[in-house]
Undergrad: 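What follows is a structure written as structure tokens; I'll ask about it next.
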Amino acid sequence: MTIIRAVTLRNIMIILCILMLLPLGQKALGIKNKLQDVQEAGKLYAAGELIAAENRYRLAAANHAISYKEEEINARLAELAPITSIRSSLSRLSLTLEDQLTVKDFSGMMESYASLLSLKSKYMTPGGPYEAYYRRLSADSGLSDKMTAGFRQFKDEYLAGLAADSSKGADSGTGSDSTDSLKWSLLQIPADYYGGTAAKDKMLAASFKAHDTARLKALAAAGSFGPMLESALSMEEAYKNHSYTAPWLSKQVKESASLILNKDLDGSNITAFAGHAVDYRSYAASAGITSSKVLKLIDNSIARLLREGARHVRGGRYADAIRLYAELAPVQDTSKETAAATLAWNTAEPVRLLPGGEVPGSYSLTASVTDKYGAKVAVAGVDAGGKLVYAEMSGDGTVSTRTGEVIPGSGMLSALSFDEALSAYSEVPVVAANGGEADGRSTFTGYAIRPEGISLLFSFTGSSYELMAEDGSIRVMNTDLANGVEGRIAIFRQVNGAYEFSELYQEFTYTPIDATQLELFPYEKVTLSCDISIDAAGRAVAHSNGRYLLLQGEISQITGLATVNGQFENGYGTVETELGEESVPVFVVDSMGSLSLTPP
């Protein structure tokens with residue numbers, strides 16, 4: 001036990017001694033190194049090797065084994081501080097760049113590149129005192145090589161990404177907007193890493209063009225005309241925001257738009273053409289395009305289509321013209337052309353203005369006029385129920401209709417017409433319906449078309465009728481009054497807005513008759529001699545050949561012997577005679593003359 005303890009204690013002492021000697025050795029070594037660093041730094045400084053001198057002085061300053069020429073060391077390091085700054089800055093940038101390339105941090109790398117440019121601008125001034133030192137320290141750091149490798153890595157990756165997206169867009173008709181960020185990153189990479197400005201411009205233009213045109217072509221091929229234009233505008237705006245011009249965009253849009261528009265026209269798909277033309281005009285306005293082949297194509301095509309519509313109208317193909325104008329309406333105001341075609345159609349086929357007039361056979365008889373009664377077109381028709389229906393179209397295209405009652409004998413009607421003479425006299429349209437009779441005569445029924453509705457104006461039977469403009473009366477030839485009077489000319493006069501029978505027309509003079517013959521000449525103009533007196537009721541009474549007549553009409557203040565002209569209208573009245581109250585004929589006086597010149 002004693003021996004073991006002794007050995008152990010001895011060993012411990014030896015170990016303790018060794019441990020005490022190690023720091024002494026380290027310190028001695030540190031002293032030696034510092035002395036050597038200071039001496040070598042002084043030689044290098046004297047020899048003008050300032051970079052190596054700065055490194056030795058920096059090592060000596062970091063060695064605290066001994067305090068040796070500290071003032072000299074500090075003075076030299078202060079003098080060589082720019083070299084120290086260059087060395088440390090390059091070292092930090094190199095380490096940071098390695099980390100950024102590892103995680104593919106392009107934005108961070110651009111920041112490092114900006115820091116490198118700032119460092120260069122500070123110490124790489126041509127002819128400056130630190131230019132040579134910066135070059136040597138930069139070369140030693142390998143930073144430029146790392147920067148070059150990094151930009152090449154990002155450039156190749158981004159170009160490959162654009163190429164892949166171009167192929168994807170061409171295959172599927174879609175493109176990813178996220179790939180646009182690749183463009184802006186490629187634009188940020190300095191031209192030196194492309195081999196110069198010209199090389200960069202050529203490479204990026206080729207890549208961007210391939211990518212953009214593939215996307216636009218894919219959209220056009222998919223029929224996405226509007227999205228194609230919107231995509232082009234979006235790309236143009238994005239390029240503008242990055243101070244870059246892409247002339248291939250407008251060129252590709254023109255090619256695709258021309259192809260699609262011509263396809264629309266060749267297929268006579270005017271609706272699609274109009275929609276695409278509207279989209280392109282909107283795109284051109286947004287893009288600031290005032291003149292292009294596509295705009296000319298649109299304008300020329302519209303003009304050609306309008307001429308085609310006019311040919312349809314001239315050829316009576318009104319429906320085709322109106323349909324064409326409707327299809328063009330989104331891109332061209334065709335309201336005037338449509339109104340003109342509609343007017344021409346309604347003028348050629350006025351029945352269309354009537355309710356249901358587009359259906360063949362809806363009206364058995366029709367009549368129409370143009371530019372009369374304040375209307376561009378006016379039409380009357382007899383519908384399936386025998387009713388008279390009237391419609392008119394004003395100058396602005398407004399259509400109004402009115403419906404009357406069932407026309408008497410509508411099933412036997414043979415003609416319908418506007419009576420222009422009566423219309424002019426009545427100052428409203430007058431429509432006359434003719435119906436045949438078994439004896440060869442016709443039944444004439446006339447209607448006045450007033451704003452408030454359709455009203456009966458006349459109804460009589462005869463071979464023909466004529467308006468007498470001087471007094472507004474109507475003469476009906478070969479009349480049938482349904483009271484035994486036939487074959488005579490009847491005169492109808494307007495009473496309370498409608499014509500009523502007034503008298504039979506006598507063409508030359510009044511027929512002289514005796515009072516006893518009066519009933520043989522009903523409604524005929526006759527003249528007779530009589531003795532006129534005034535009864536107790538103040539009425540004029542004529543006495544002739546034993547008969548009494550009650551006088552009415554145009555009676556003057558004449559009594560005694562006289563001649564009276566007028567007609568018997570099958571009317572009777574009562575007068576007081578020597579035989580008492582007596583029923584006597586009523587004679588309607590047109591004129592009278594005294595034979596005795598005896599005043600009343």
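The figures here come from the full heavy-atom set of this structure, side chains too, leaving out hydrogens, waters and symmetry mates.
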Undergrad: Quick one: does any side-chain atom of Ser256 pair with a main-chain N or O of Lys217 as donor and acceptor, under 3.5 Å?
TA: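 Not at all, since once roles are kept as given, no pair shorter than 3.5 Å links the two residues.
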Undergrad: Just wondering, more than 12 heavy atoms not from Glu554 lying within 6.0 Å of its CD?
TA: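 No - once you tally the heavy atoms of other residues, nucleotides and ligands closer than 6.0 Å, there are 12 at most.
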Undergrad: Which atom pair, heavy atoms only, marks the closest approach of Arg441 to Thr479?
TA: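 Distance-wise, the nearest heavy atoms are NH1-O, 2.9 Å.
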Undergrad: Taking the inter-plane angle between the rings of Tyr572 and Phe568 on a 0 to 90° scale, is it parallel (under 30°), tilted (30 to 60°) or perpendicular (over 60°)?
TA: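 Geometry flag for Phe568 against Tyr572: perpendicular rings.
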Undergrad: State whether the side chain of Ser234 and the backbone N or O of Glu230 hold a donor-acceptor pair below 3.5 Å, judged by distance alone.
TA: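 Between the backbone of Glu230 and the side chain of Ser234 there is no qualifying donor-acceptor contact (under 3.5 Å).
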Undergrad: Consider only side-chain N and O atoms of Ser414 and Asn434, and report whether a donor and an acceptor are under 3.5 Å apart.
TA: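 Short answer, no.
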Undergrad: With salt bridge (Lys or Arg N to Asp or Glu O under 4.0 Å) as the rule and sequence neighbours excluded, what pairs involving residues 267-281 come up?
TA: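 Those involving residues 267-281 are Arg281-Asp299.
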Undergrad: Test ring pair (Phe, Tyr, Trp, His ring centres under 6.0 Å) on Phe501 and Phe492 and set out the steps.
TA: CA-CA 4 Å; Phe501 172 72; Phe492 285 72; 5.7 Å; yes
Undergrad: Apply side chain to side chain contact (heavy atoms under 4.5 Å, CB included) to Trp345 and Leu343, showing your working.
TA: CA-CA 5 Å; Trp345 196 0; Leu343 176 60; over 6 Å; no
Undergrad: Inspect the contact between Glu503 and Lys525 and indicate whether a charged nitrogen and a carboxylate oxygen are less than 4.0 angstrom apart.
TA: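 Salt bridge present between Lys525 and Glu503.
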Undergrad: Met468 and Ile491: side chain to side chain contact (heavy atoms under 4.5 Å, CB included), yes or no, with the steps?
TA: CA-CA 10 Å; Met468 308 308 294; Ile491 297 178; over 6 Å; no
Undergrad: Taking the basic N atoms (NZ, or NE/NH1/NH2) and the acidic carboxylate oxygens, is any pair closer than 4.0 Å for Arg547 and Asp514?
TA: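 Salt bridge: no.
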Undergrad: Which heavy atom of Tyr523 sits nearest a heavy atom of Glu569, and at what distance?
TA: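 Nearest pair, atom of Tyr523 first, then Glu569: OH-O, 3.2 Å.
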Undergrad: Which residues pass the side-chain contact (heavy atoms from CB on, under 4.5 Å) test with Leu520, sequence neighbours left out?
TA: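 Here the qualifying residues are Gln517.
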Undergrad: What verdict does the side chain to side chain contact (heavy atoms under 4.5 Å, CB included) test give for Val584 and Val541, after you've listed the backbone C-alpha separation in whole Å, the side-chain angles of each residue and the deciding distance to 0.1 Å?
TA: CA-CA 10 Å; Val584 300; Val541 179; over 6 Å; no
Undergrad: Given Tyr325, which partner from the list Leu306, Ile270, Leu305 fulfils the side chain to side chain contact (heavy atoms under 4.5 Å, CB included) test?
TA: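 Result: among Leu306, Ile270, Leu305, Leu306 is the only option passing the side chain to side chain contact (heavy atoms under 4.5 Å, CB included) with Tyr325.
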Undergrad: Within a reach of under 6.0 Å around CD of Glu427, are more than 12 heavy atoms found that belong to other residues, nucleotides or ligands?
TA: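 No - once you tally the heavy atoms of other residues, nucleotides and ligands closer than 6.0 Å, there are 12 at most.
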Undergrad: So, Asp535 and Arg539, do they make that salt bridge, N to O below 4.0 Å?
TA: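 The answer is yes: the pair qualifies as a salt bridge.
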Undergrad: Is it the case that more than 12 heavy atoms not belonging to Glu582 sit under 6.0 Å from its CD atom?
TA: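 More than 12 within 6.0 Å, yes.
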Undergrad: Quick check for you: to the nearest 0.5 Å, what is the distance between Gln567 atom CD and Phe521 atom CZ?
TA: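 The distance works out to 13.5 Å.
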Undergrad: Whether the side chain of Ser258 engages the backbone of Lys254 through a donor-acceptor N/O pair (distance < 3.5 Å, no angle test) should be reported.
TA: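 Between the backbone of Lys254 and the side chain of Ser258 there is a qualifying donor-acceptor contact (under 3.5 Å).
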Undergrad: Where is the tightest heavy-atom contact between Glu392 and Ala375, given as atom of each residue plus distance?
TA: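 Minimum heavy-atom contact is CB-CB, 3.9 Å.
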Undergrad: Is the shortest distance from a Lys or Arg side-chain nitrogen in Asp212 or Arg215 to a carboxylate oxygen in the other one below 4.0 Å?
TA: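 Arg215 and Asp212: not salt-bridged.
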Undergrad: Grab the two heavy atoms, one from Lys296 and one from Ser291, that are nearest each other, plus how far apart they are.
TA: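 Nearest heavy atoms, Lys296 then Ser291: CE-OG, 4.1 Å.
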Undergrad: Going through the checks in order, is the side chain to side chain contact (heavy atoms under 4.5 Å, CB included) test met by Ser544 and Phe587?
TA: CA-CA 12 Å; Ser544 176; Phe587 189 78; over 6 Å; no
Undergrad: Using 30° and 60° as the class boundaries, would you call the ring planes of Tyr239 and Trp248 parallel, tilted or perpendicular?
TA: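 Perpendicular.
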Undergrad: Between Leu216 and Leu249, which heavy-atom pair has the shortest distance, and what is it?
TA: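 Nearest pair, atom of Leu216 first, then Leu249: CD1-CD2, 4.0 Å.
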Undergrad: So which heavy atom on Ala277 is nearest to which on Val331, and how close?
TA: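 Result for this residue pair: CB-CG2, 3.6 Å.
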